[in-house]
Amino acid sequence: MLLSLIKKEFQLEFRQKSSLAGVLVYVIGTIFVSAMCFKAKVDKPTWNALFWVITLFTSVNICGKSFLKESGGQALFNYLHYSPLHFIFAKVLFNMILMLVLSLVTFFFYAFFIRNEVENMSLFLLVLILASTGLGGVLSLMSAISAKASAGFGIMSILSFPVLMPLILVIIRLSKMAVDGIEWAGVSGQLLLILGALNLLTLALSFLLFPYLWRD
Amino acid sequence: MKSAYKSISVLLILYTLVWGLLNAVPRLDILNETIRNVYYHVPVWFAMLFMMALSLIQSLRQLQTGSLLHDAKAANAAVVGLFFSIPGLLTGSLWAKFTWGTWWTFQDPKLNGVAISILIYLAYFILRLSVDDEQKRARISAVYNVFAFVMMNVFIMILPRLTDSLHPGNGGNPAFGKYDLDDNMRLVFYPAVIGWVLFSYWMYEIKNRLTFLQHKLYEN
């Protein structure tokens with residue numbers, strides 16, 4: 001049951017090529033605009049902040065759509081056939097993988113159009129992975145809420161930005177270390193631990209709270 | 001007596017307002033007399049957190065029982081809590097102008113935490129406004145409230161401990177810490193906390209009664 005749900009998510013995404021291609025163009029467009037605006041004159045803190053702002057906006061855009069398809073008859077069908085835990089698990093997993101791929105793509109084009117400032121690449125990749133899973137986890141639940149509220153797309157960003165702040169701040173601080181080229185021995189283990197714990201916390205909350213959004 | 005807490009809260013607040021200005025305080029660098037702000041600034045934030053915790057409890061009970069009563073109470077508690085952020089910001093800002101030399105700074109994690117908490121609860125109210133169906137609104141906003149409360153606490157409880165804060169008691173700044181909140185100050189500080197928390201509860205009760213009356217009015 002769970003596997004079929006996950007498979008369905010991927011099939012739907014790949015069948016609708018317009019949305020996936022749209023995201024790619026969105027990412028490239030944003031990075032290109034930033035590159036034009038900054039004229040490649042960015043120092044390290046700005047480089048770091050700009051990258052995460054772009055990733056944040058992309059992720060809200062992408063994950064915000066993940067529950068919009070499930071409305072009306074489709075929602076009833078899901079409700080009758082699947083358990084809410086399986087359903088949210090499939091959504092979260094899909095969003096996490098999608099975010100991971102997208103943030104890697106974003107990083108590639110960002111490095112290509114602007115510059116690659118990262119000096120401790122392994123740390124940066126670890127932060128990228130944990131950030132994608134964290135963003136995917138939080139935004140899945142936020143997307144479910146805003147889809148139920150059916151108040152248009154604006155509500156998604158209003159709800160997500162404030163609750164994403166703790167995550168983003170920890171990510172930015174860790175990523176700054178990677179950009180500055182701090183060796184592994186000097187990296188704050190406490191921050192990494194908090195980032196991991198935030199991931200688990202948001203996952204646990206999503207699984208606990210989603211069943212209440214489920215029944216209509 | 002059920003309403004004894006109301007008189008107690010008023011008496012405690014009056015006592016702390018007056019005695020807070022009169023009693024002796026330790027002389028500390030930079031802070032000097034402004035240390036008295038501890039009696040007026042900190043208790044208000046305690047009241048806000050108390051209201052937000054109450055809102056969380058009502059939201060959890062809403063999810064458990066599905067009743068609209070708890071939903072209304074959760075929203076009322078959040079309104080009162082958000083209201084208490086106004087005196088908290090004003091007293092803090094005024095104090096910061098005279099000690100740090102600025103009304104607001106982005107360098108301090110506590111200030112950022114407060115700003116984000118206010119944004120979170122404004123988002124909560126916007127979410128409530130944007131759903132028309134009562135049952136649906138109750139459930140959705142309860143889910144968001146629970147999630148938001150946890151994130152807010154991560155922000156204001158855990159993250160500030162990782163970096164230095166400009167706030168007294170953090171980063172080597174002089175303050176009422178465990179060693180220099182002397183007994184004299186405790187005599188005012190603790191009653192002030194209790195007084196404002198009780199006062200916030202009173203406001204919450206009044207708000208609840210107002211909601212129920214409005215509800216009855218519209219039903220008939």
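Lettering follows sequence order; numbering is per chain, from 1. What you see below is based on every heavy atom in this structure, not just the backbone, and it leaves out hydrogens, waters and symmetry mates. Only a predicted model underlies this, so the values are computations on that prediction, with no experimental measurement involved.
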Enquirer: To the nearest 0.5 Å, how far apart are CD in B:Gln64 and OH in A:Tyr212?
Expert: 7.0 Å
Enquirer: Who are the salt bridge (Lys or Arg N to Asp or Glu O under 4.0 Å) partners of A:Lys91, not counting sequence neighbours?
Expert: A:Glu9, A:Glu70
Enquirer: With only heavy atoms counted, which part of A:Leu167 is less than 4.5 Å from chain B, the side chain, the backbone, both or neither?
Expert: neither
Enquirer: Where does A:Leu164 contact chain B at under 4.5 Å (heavy atoms): side chain, backbone, both or neither?
Expert: neither
Enquirer: Is any residue of residues 46-61 of chain A within less than 4.5 Å of chain B by heavy atoms, and which ones?
Expert: none
Enquirer: If every non-hydrogen atom of B:Ile140 is compared with every non-hydrogen atom of A:Ala149, which pair is closest and at what distance?
Expert: CD1-N, 3.8 Å
Enquirer: Taking side chain as everything from C-beta outward and backbone as N, CA, C, O, which of these in A:Leu191 sits under 4.5 Å from a heavy atom of chain B? Side chain, backbone, both or neither.
Expert: side chain
Enquirer: Is the side chain of B:Tyr144 donor-acceptor paired with the backbone N or O of A:Leu159 at a distance under 3.5 Å, no angle test?
Expert: yes
Enquirer: Work out which heavy atom in A:Pro162 is nearest to a heavy atom in B:Ile116; give both atom names and the distance.
Expert: O-CG2, 3.6 Å
Enquirer: So do B:Phe147 and A:Leu209 actually touch side chain to side chain, heavy atoms under 4.5 Å?
Expert: yes
Enquirer: Got a sec: does the CZ of B:Phe83 have more than 12 other heavy atoms crowding it under 6.0 Å?
Expert: no
Enquirer: Between B:Val146, B:Asn112, B:Ile118, B:Ile120, which shows the greatest number of heavy-atom pairs under 4.5 Å with chain A?
Expert: B:Ile120
Enquirer: Does NZ belonging to A:Lys8 count more than 12 external heavy atoms closer than 6.0 Å?
Expert: yes
Enquirer: Sort by residue number and list every residue of residues 196-205 of chain A having at least one heavy atom under 4.5 Å from chain B.
Expert: A:Leu198, A:Leu201, A:Thr202, A:Leu205
Enquirer: List the atom pairs, donor and acceptor, that lie under 3.5 Å between side-chain atoms in residues 41-52 of chain B and the rest of the protein, sequence neighbours left out.
Expert:
residue	atom	partner	partner atom	Å
B:His41	ND1	B:Gly88	O	3.1
B:His41	ND1	B:Thr91	OG1	3.0
B:His41	ND1	B:Gly92	N	3.3
B:His41	NE2	B:Trp45	NE1	3.3

Enquirer: Has B:Lys136 got a side-chain atom pairing as donor or acceptor with A:Lys148's backbone, closer than 3.5 angstrom?
Expert: yes
Enquirer: Shortest non-hydrogen contact from B:Ala148 to A:Val163?
Expert: CA-CG1, 4.1 Å
Enquirer: What part of B:Val143 is in contact with chain A, defined as an atom under 4.5 angstrom from a non-hydrogen atom: side chain, backbone, both or neither?
Expert: both
Enquirer: CZ of A:Phe94: more than 12 outside heavy atoms within 6.0 angstrom?
Expert: yes
